[in-house]
Peer 1: 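Structure provided below as structure tokens; questions to follow.
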Amino acid sequence: MSYHILLVEDDASIVSTLTEFLTKEGFQISHADGQTQALSHLEQHSCDLVLLDVSLKDGNGFGVCTAVKGSWNIPVIFLTASGDEYSVVTGLDLGADDYIAKPFRPRELVSRIKSVLRRYSGLSQPVLEYETISVDTARGCVSKNGNEIPMSALEYRLLLYFFTNRGIVLSREKLLMEIWDAAGEFVNDNTLTVYIKRIRGKIEDDPTNPAIIRTIRGLGYKLG
């Protein structure tokens with residue numbers, strides 16, 4: 001299957017380089033240099049993912065992300081300046097699915113794109129359920145016994161990854177590749193442990209004896 005990516009970027013050199021590279025990787029690439037052109041394209045053409053810079057010819061990436069998440073069920077990956085923590089946090093708060101800092105390694109970008117697309121391809125149902133927990137992928141929220149549970153963006157992304165890989169043992173290394181901290185670095189092993197503990201504290205009846213996200217000794221974790 002060939003995925004269609006809309007690249008929203010006003011730097012001609014980046015557009016040329018990414019278009020050439022991603023096309024060779026098997027993706028179909030369309031380009032928009034500003035907010036108006038990007039939204040016009042989305043209204044007229046189907047798209048599987050939006051690759052989005054913060055600074056644009058007109059408008060900005062935050063406005064595009066807000067419009068995309070409000071009107072289409074399409075994943076968004078932000079391209080941000082290295083060390084720009086404000087843009088990273090703002091983008092995630094607006095519902096962005098991932099981000100990558102410039103300058104980036106093309107292979108890493110492709111890996112991120114494929115990871116996000118895999119998550120979305122597993123969302124055949126708008127609401128994913130297991131035991132007493134429901135994940136509403138359209139609203140981006142989690143409920144237990146019908147009551148909404150407050151979750152940070154990274155906690156939600158990690159829990160969603162478990163739900164879309166239900167029954168599969170996920171190694172710590174794989175989970176670490178799925179979530180990144182707000183500073184743009186890999187989440188370390190200790191931080192992952194903290195996130196798992198926080199999620200269990202919110203969804204498990206007995207977090208000390210988890211029945212939903214289970215530890216598979218020596219291998220990782222599994223939902224179900």
Side-chain angles (χ1 to χ4, degrees), residues 65 69 73-78 80 85-86 88-101 108 111-224:
C65 183
K69 291 302 181 179
N73 185 31
I74 301 173
V76 173
I77 297 178
F78 266 104
T80 66
E85 182 177 344
Y86 169 78
V88 169
V89 173
T90 302
L92 292 175
D93 286 345
L94 291 174
D97 298 272
D98 206 346
Y99 65 90
I100 187 166
E108 180 183 342
S111 177
R112 298 289 197 88
I113 289 172
K114 289 181 177 179
S115 177
V116 169
L117 288 171
R118 281 197 302 271
R119 291 205 297 267
Y120 268 71
S121 67
L123 304 181
S124 57
Q125 298 293 329
V127 178
L128 307 176
E129 298 180 336
Y130 181 72
E131 298 291 345
T132 60
I133 306 301
S134 298
V135 179
D136 188 327
T137 62
R139 295 175 55 227
C141 65
V142 178
S143 300
K144 179 176 181 178
N145 293 317
N147 299 312
E148 189 168 330
I149 304 170
M151 282 201 166
S152 71
L154 287 178
E155 288 170 352
Y156 174 79
R157 286 169 55 195
L158 184 56
L159 182 62
L160 179 61
Y161 188 63
F162 274 110
F163 267 78
T164 54
N165 289 276
R166 178 177 170 180
I168 299 173
V169 178
L170 301 173
S171 68
R172 294 183 68 87
E173 291 76 13
K174 185 177 288 291
L175 292 169
L176 285 167
M177 288 297 294
E178 283 298 317
I179 57 173
W180 295 67
D181 68 8
E185 304 294 337
F186 277 112
V187 175
N188 64 40
D189 197 65
N190 289 334
T191 305
L192 176 61
T193 300
V194 171
Y195 276 118
I196 296 290
K197 183 178 180 179
R198 287 178 181 172
I199 293 172
R200 282 173 166 168
K202 294 178 179 182
I203 69 172
E204 300 280 359
D205 291 333
D206 180 5
T208 62
N209 185 29
I212 298 174
I213 296 179
R214 299 187 293 119
T215 299
I216 308 301
R217 192 172 300 279
L219 296 175
Y221 302 92
K222 182 175 74 167
L223 185 141

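Note: hydrogens, waters and symmetry copies are ignored here, and every other heavy atom, side chains too, is used.
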Peer 1: Tell me whether Arg198 forms a cation-pi arrangement with Tyr195, defined as NZ or CZ under 6.0 Å from the six-membered ring centre and within 45 degrees of its axis.
Peer 2: yes

Peer 1: When you measure from the side chain of Arg214 to the backbone of Gly224, do you find a donor-acceptor pair of N or O atoms at a distance under 3.5 Å?
Peer 2: yes

Peer 1: Treating Glu204 as the side-chain partner and Asn209 as the backbone partner, does any N or O pair qualify as donor plus acceptor under 3.5 Å?
Peer 2: no

Peer 1: Decide side chain to side chain contact (heavy atoms under 4.5 Å, CB included) for Lys69 and Val76; before the verdict, give the C-alpha distance in whole Å, the side-chain angles of both, and the deciding distance to 0.1 Å.
Peer 2: CA-CA 8 Å; Lys69 291 302 181 179; Val76 173; 4.1 Å; yes

Peer 1: With heavy-atom distances below 4.5 Å as the criterion, would you say the side chains of Leu128 and Leu160 are in contact?
Peer 2: yes

Peer 1: Going by side chain to side chain contact (heavy atoms under 4.5 Å, CB included), name the residues that satisfy it together with Lys202, two or more places apart in sequence or in a different chain.
Peer 2: Ile149, Met151, Glu155

Peer 1: Which heavy atom in Asp97 sits nearest to a heavy atom in Pro75, and how many Å separate them?
Peer 2: OD2-CA, 3.0 Å

Peer 1: Evaluate Val127 against Val135 for side chain to side chain contact (heavy atoms under 4.5 Å, CB included), listing each step before the verdict.
Peer 2: CA-CA 6 Å; Val127 178; Val135 179; over 6 Å; no

Peer 1: Is there side-chain contact between Ile100 and Glu108, with at least one heavy-atom pair below 4.5 Å?
Peer 2: yes

Peer 1: Output the distance between atom SG (Cys65) and atom CG (Leu92), rounded to the nearest 0.5 Å.
Peer 2: 9.0 Å

Peer 1: Considering only heavy atoms from C-beta outward, does the side chain of Ile196 approach that of Leu158 to under 4.5 Å?
Peer 2: yes

Peer 1: List the atom of Gly201, the atom of Pro207, and the distance in Å for their closest heavy-atom pair.
Peer 2: CA-CG, 3.9 Å

Peer 1: State the CD1-CZ distance between Ile212 and Phe163, to the nearest 0.5 angstrom.
Peer 2: 7.0 Å

Peer 1: Check the pair Tyr221, Val169 against side chain to side chain contact (heavy atoms under 4.5 Å, CB included), reporting the backbone distance first and the verdict last.
Peer 2: CA-CA 6 Å; Tyr221 302 92; Val169 178; over 6 Å; no

Peer 1: Minimum heavy-atom separation for Glu129 and Arg166, please, with both atom names.
Peer 2: O-NH1, 3.6 Å

Peer 1: Has the side chain of Lys222 got a donor or acceptor atom that lies under 3.5 Å from a matching backbone atom of Phe162?
Peer 2: no

Peer 1: Any donor-acceptor pair under 3.5 Å linking the side-chain atoms of Thr193 with those of Arg172?
Peer 2: yes

Peer 1: If you define the side chain from C-beta out and look only at heavy atoms, does anything of Arg200 sit under 4.5 Å from Thr215?
Peer 2: yes

Peer 1: Could you go through Lys114 and Ser111, starting from their C-alpha distance and side-chain angles, then the distance that decides it, and tell me whether this counts as side chain to side chain contact (heavy atoms under 4.5 Å, CB included)?
Peer 2: CA-CA 5 Å; Lys114 289 181 177 179; Ser111 177; 6.0 Å; no

Peer 1: Under the rule for salt bridge (charged side-chain N to carboxylate O under 4.0 Å, His left out), what residues qualify as partners of Asp205, not counting sequence neighbours?
Peer 2: Lys144

Peer 1: Are any non-hydrogen side-chain atoms of Asp98 and Phe78 less than 4.5 angstrom apart?
Peer 2: no

Peer 1: Hey, what do you get for SG (Cys141) to CD (Glu148), rounding to the nearest 0.5 Å?
Peer 2: 4.5 Å

